[in-house]
Amino acid sequence: MKKLFLTLVASCAVLLSSAHAEKLTLERIYSDPSLAGKSPSKLKVSPDGKRATYIQARIDDYNRFDLWEYNVETGERAMLVDSQALYSGPENLSDEEKARRERQRIFGKGILEYTWSADGKALLFPLNGDIFYFELGADKARKLTNGEGFATDVKFSPKGNFISFVRDQNLFIIDVKSGKTRALTTSGGDTIKFAMAEFVAQEEMGRMTGYWWSPDESHIALTKVDTSPVKIATRNEIYADSIKLFDQRYPFAGTPNVAIHLGLMKVKGNEGDIRWVDLGKDKDIYITRGKWLPNSKTFSYQWQDRPQHNLELRFVNAKTLKQQVVVKESATTWINLHESLKYLDDSFIWASERDGFKHLYHFDYNGKLLSQLTKGEWIVDELQGVNSKSGDVFFTGRKDTPTERHLYAVNLNKPQKIKRVSKRKGFHSVTFSKDASIYLDSYSNTAQPTQVSLHKANGQKITWMEENKVAGEHPLAPYLSDWVKPRFGTLTAEDGQTLHYRIYEPKGFKGKRPVINYVYGGPHAQLVTDSWSRRNFILQHLVQKGYVVFQLDNRGSYNRGKKFEDPIYKHLGEVELRDQLVGVDYLKTLNFVDPERIGIYGHSYGGYMTIMGMFKAGDVFKVGVSGAPVTDWTLYDTHYTERYAGHPGVDGKDYDISNVFRYADGLKGDMLIYHGMADDNVLFTHATKLFKHLQDMGKEFDVMTYPGSKHSLRGKKTGLHLAKTIVRYFDKNL
C-alpha cells in the first residue's frame, strides 16, 4: 500500500467553481488535463550533462507520451522520439506488465520509461512489449525485438555493451554490436521466476527489479523466486459483460511468502553457472534492495527479517561468496526502507532512523561510522547526489518545516554544517546529473502547478524547462479569482506531539458552513504539504460550493520521524482517529463551521479511516464517503500489514481490534462505499464482506461499484462519474 493516496482525485483532475459552469462544463474540465499546464515527467539529465530529457503528453492525446530533450548548450528543445511513429495501434500488455504498471502507478501509452546509456549517446525504452534503441542523431529508433514475447524490466548494461530484459520469467541479454539475443536462464516458468521482483517487493518495498549488473559488466546478481508456498486465492474481476476468475498467489497476512534465493553469475555463463548466496538458516525473510560496489568485486544486498524489526546491509565477495554484515538497523516496531545508499571509492553514505529521525551517515567499507552528516528533529527525504571531487552531498529534506521539501547540501568533511540550496517556499523534487554539477527542479506550491527548471549545483537557475506561469493564456488563469489558498496551522496530540493541518475556507458565503474532513491517515503518506496536486481541483470545487475542507496528518503519517509514526504499531485505526478528532474539536471552535454538519472522505487507507470514523465516532461524522477501503487486515498482504500490525498468528487480538466489523453498530449517519470490482490490491472482498455484515445487522448504507476498475479507478468516464457521485452524495446528505 505504499502509494495509496487518493488516486481517485488524481483522476478527477479538474473540477472548478459552479460560477464558471456556463463557460466550461464539468465534462469538458475533466477531459482537459491542460488546466494544470504542461507536465513533463520522468526527468533525467544525460550522463554527460549536455541534455535534459523527459516524456510529455501529446497535445492531441494526453494519454500518449513521447520522448523530448532540452539541449543545455544550445537552449533548444525538440522531440527525440515520436512514439506514435513507432507504434500507433492498441497496446496489448502482458498480465505481468499490467501488474507491474499498477504497482508503479504508471498509466498511459507510448514511451512511459526510458534509460540513458553510460556514455550519453543512446537511449533505450520499451514499447508494446518490444525494445527500442535510439542513438542520438539517428533518424529513427531501432527495434531490437520483434514480438517474441513481452519484454519487461529493460536495462542498459553499465558500459552500454548489452541490453538486458526479462521475458517469460527468464533473464535475457542482447549484444548491442551483433544484435544477438541470449537467454541467461531457461528454467523459469510456472511458479519459478528468475530476475523478477515478487508481488510484495513491487507493491510494498519499492523494488521493481530482480537483477543487478556489476559495473564492469562481468557479473549479474539475480533473484530466483518460487511462488509455490504462497496461497492461491481465486479472485473475481467483474466487468460490465463478463466475470474473469484468476487464481492469484496472494500472500495474505500471516500466510507463507515466496521462497527467495539470491545468486551471482558470470555474464558469459548460463543458468548452470549461478552460485547461490547463503541467506542464513531463517528462510522466511525479505531481500529489499541490491547494489554492486564500484569495484565490481562486491555485491551488497539488504536483508530484512519477516517481523521487519531488523535490517542488515550485507556485502558478498563475488569470488568467494564470503559475507560481511556492514550495517545493522534494529527497532522494536519496524524499520522503514529507503533508497539513500551511495557507494564512494572507499566509503559509503547510508540513511538511518537510529536516532528517531531519518538522517545521513558516512561509513567506511568495514562498517565503521566516520560521521553523522545530518542531525536534528527533522527528516532527510532522499540522498540526491554526491560530488566526489568537492565532497558535497546533496539531499532533499524537511529541515525548515515538514510541510515543505527543500534541497540542501552538506560536505563530507564538515558534518552537520548544512546549507539550503533551493530558495522558493514550497515543494522541490530534484534530479541530479551523474557528477552532481547540475540538477532539474520540479517545483510547486498549493497555487502554482508544477514548474520545471534547470540549475547549477549551487542553486543558480540556468533556464526554465517549463515555466508554467499561471497568467495570460494559461488555461487555469481565468479561474484564479475564485481560487482559495489553504491556511496552514498546528494542533497538539494527546502525547504532546505537533499535528499539522491545512484548511480551505469558502469565500462569499454567509452562515455556518458544512465541513468535509478529507483524510488518508495511513503510514508512508502525507497530505498537509505546500505542494500542487491534481486533487487541488476537487478540493477547490468543494470549497467554491461552500464547503470547508479540512486535512490533518495524524500520528502514523510520514515525514515526521519514527516517534511520530510508532504510536500506530499494533493499534491501527485507534491513534489515527483520535488525532482526527482533535482536528474536529478545533473545527468546532471556528465561528463559520456548523458542528452538526461534518463529513469525512478518503480512499484506500483513507477509506478505512472513513469507516472507522463513521463507526466509532458516529455522533461526530454525519456523512462519510469511503473509497476502496481495507476492512479486514487479514485480507491484506504480509509485508505491509505485518509491518504495522504484527503476525496474526501471534497478534490476533490486535487484528480483531483494528478491523472495522466490531464497531459497525456505531453507524448512525449516511455512508457511501465505492470500490473497483477488479481491484487486485485492496481486493473487492474487503467491500463485499462489509456489505454482508451491515446487511445482517440491518444497517442502511449506499454503494457504488465500478466494473473492471482497479484500485486506482482510472479512466475519464469512470473518474468523472465518481467525482459527480461523491459531490452529489455530500450535497444531498450534508
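Contact record, Leu383 with Ser340: N-OG, 3.0 Å, taken as the closest heavy-atom pair. The minimum heavy-atom distance between Ile220 and Leu184, with the atom names listed, is CD1-CD1, 3.7 Å. Heavy atoms only, all atoms of each residue included: Gly556 and Ile568 are closest at CA-CG2, 3.7 Å. Nearest heavy-atom pair, Asp553 versus Leu499, reported as atom, atom and distance to 0.1 Å: O-CD2, 3.9 Å. Pro229 approaches Pro256 most closely through the heavy-atom pair O-CB, 3.4 Å. The nearest pair of heavy atoms linking Val230 to Val258 is CG2-N, 3.5 Å.
At distances below 3.5 Å, not a single donor-acceptor pair connects side-chain atoms of Thr403 with backbone N or O atoms of Thr529. No donor-acceptor distance shorter than 3.5 angstrom exists from the side chain of Glu700 to the backbone of Leu694, with no hydrogens or angles considered. Judged by distance alone, with hydrogens and angles left aside, the side-chain atoms of Gln551 form no donor-acceptor pair with the main-chain N or O of Asn517 at under 3.5 Å. Panel note: side chain Arg207, backbone Glu198; no donor-acceptor pair is recorded below 3.5 Å. Under the 3.5 Å distance criterion, the side-chain polar atoms of His309 are left unmatched by any main-chain donor or acceptor of Trp334. Side-chain N or O atoms of Tyr644 include none that pairs as donor or acceptor with a backbone N or O of Thr333 at under 3.5 Å. The main-chain N or O of Arg535 is found under 3.5 Å from a side-chain atom of Ser533 such that the two form a donor-acceptor pair. No donor-acceptor pair under 3.5 Å is formed between the side chain of Ser712 and the backbone N or O of Arg714. The closest donor-acceptor contact from the side chain of Ser94 to the backbone of Phe150 lies at 3.5 Å or more, if one exists at all. A donor-acceptor pair under 3.5 Å is formed between the side chain of Gln580 and the backbone N or O of Leu552.
Qualifying ring-ring contact (aromatic ring centres under 6.0 Å, His included) partners for His675, counting only residues two or more places apart in sequence or in other chains: Phe684. Residues passing the ring-ring contact (aromatic ring centres under 6.0 Å, His included) test with Phe246, sequence neighbours excluded: none. A search for side-chain hydrogen bond (donor to acceptor under 3.5 Å, both in side chains) contacts involving His219 returns nothing, not counting sequence neighbours. Annotation: salt bridge (Lys or Arg N to Asp or Glu O under 4.0 Å) contacts of Glu329 (sequence neighbours excluded): Arg354. With sequence neighbours excluded, no residue satisfies salt bridge (Lys or Arg N to Asp or Glu O under 4.0 Å) with Lys193. Checked against salt bridge (Lys or Arg N to Asp or Glu O under 4.0 Å), Lys375 has no partners two or more places apart in sequence or in another chain. For His693, the ring-ring contact (aromatic ring centres under 6.0 Å, His included) partners are Phe661, not counting sequence neighbours. Residues passing the side-chain hydrogen bond (donor to acceptor under 3.5 Å, both in side chains) test with Thr185, sequence neighbours excluded: Asn170. With sequence neighbours excluded, no residue forms a side-chain hydrogen bond (donor to acceptor under 3.5 Å, both in side chains) with Asn236. Contacts of Lys692 classified as salt bridge (Lys or Arg N to Asp or Glu O under 4.0 Å), with partners at least two apart in sequence or in another chain: Asp696.
One finds no salt bridge joining Lys616 and Glu574 here, because no Lys/Arg side-chain nitrogen approaches an Asp/Glu carboxylate oxygen to under 4.0 Å. The existence of a salt bridge linking Lys563 and Glu565 is excluded, since no basic side-chain nitrogen approaches an acidic carboxylate oxygen closer than 4.0 Å. Between Arg555 and Glu576 there is no salt bridge, since no side-chain nitrogen of the basic residue lies less than 4.0 Å from a carboxylate oxygen of the acidic one. Note on Arg100 versus Asp153: salt bridge recorded, some NZ/NE/NH1/NH2 to OD/OE distance being below 4.0 Å. In summary, Asp364 and Lys368 do not engage in a salt bridge, as defined by a charged side-chain N under 4.0 Å from a carboxylate O. Classification of Arg405 and Asp381 as a salt-bridged pair holds, one side-chain N sitting under 4.0 Å from a carboxylate O.
Counting only residues at least two apart or in different chains, side chain to side chain donor-acceptor pair (under 3.5 Å) contacts with residues 655-666 comprise Asp632-Asn659. Within the structure, ring-ring contact (aromatic ring centres under 6.0 Å, His included) pairs that include any residue of residues 552-579 comprise His524-Tyr558 (at least two apart or interchain).
Under 3.5 Å, the side chains of Gln384 and Thr396 contain a donor-acceptor pair of N or O atoms. With hydrogens and angles left out, the side-chain atoms of Asn336 and Glu353 include a donor and acceptor closer than 3.5 Å. Residues Thr288 and Gln304 bring no donor and acceptor atom of their side chains to less than 3.5 Å of each other.
Using a 4.5 Å heavy-atom threshold, the side chains of Pro629 and Val682 count as separate. Using a 4.5 Å heavy-atom cutoff, the side chains of Leu672 and Ser626 are not in contact. At least one side-chain heavy atom of Leu262 sits less than 4.5 Å from a side-chain heavy atom of Leu279. Contact check for Tyr343 versus Lys291: side-chain heavy atoms found under the 4.5 Å cut-off. For the pair Pro307 and His647, the minimum side-chain heavy-atom distance is 4.5 Å or more. In this structure, the side chains of Glu642 and Arg306 come closer than 4.5 Å at one or more pairs of heavy atoms. Residues Ile673 and Phe691 have side chains in contact (heavy-atom distance under 4.5 Å, counting atoms from C-beta outward). The shortest side-chain heavy-atom distance between Ile232 and Tyr250 does not fall under the 4.5 Å cut-off.
In this structure, the ring of Phe315 has its center no less than 6.0 angstrom from the ring center of Tyr301. Proximity of the aromatic rings of Tyr674 and His603 is defined here by a centroid distance below 6.0 angstrom, and this criterion is met. Aromatic pair Tyr636/Phe252: ring centres not closer than 6.0 Å.
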Quiz item: Between Asn681 and Glu203, is a side-chain hydrogen bond (donor to acceptor under 3.5 Å, both in side chains) present by the stated rule, with each step listed?
Solution: CA-CA 9 Å; Asn681 186 343; Glu203 178 63 34; 3.1 Å; yes

Exercise. Could you go through the side-chain hydrogen bond (donor to acceptor under 3.5 Å, both in side chains) check for Gln372 and Asp355 one step at a time?
Key: CA-CA 11 Å; Gln372 182 176 350; Asp355 68 357; 3.3 Å; yes

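When the shell of 6.0 Å around NZ of Lys328 is examined, it contains 12 or fewer heavy atoms from other residues, nucleotides or ligands. A 6.0 Å sphere centred on CD of Glu377 holds no more than 12 heavy atoms belonging to other residues, nucleotides or ligands.
A cation-pi contact, defined as under 6.0 Å to the ring centre and within 45° of the axis, links Lys155 to Tyr211. At least one cation-pi condition fails for Arg398 and Trp378: the charged atom is not both under 6.0 angstrom from the six-membered ring centre and inside a 45 degree cone around its axis.
His359 and Phe357 have tilted rings, their planes meeting at an angle from 30° to 60° on a 0 to 90° scale. The aromatic rings of Trp212 and Phe299 sit tilted, their planes meeting at an angle between 30° and 60°. Between Tyr286 and His639, the ring-plane angle classifies as perpendicular under the 30° and 60° cut-offs.
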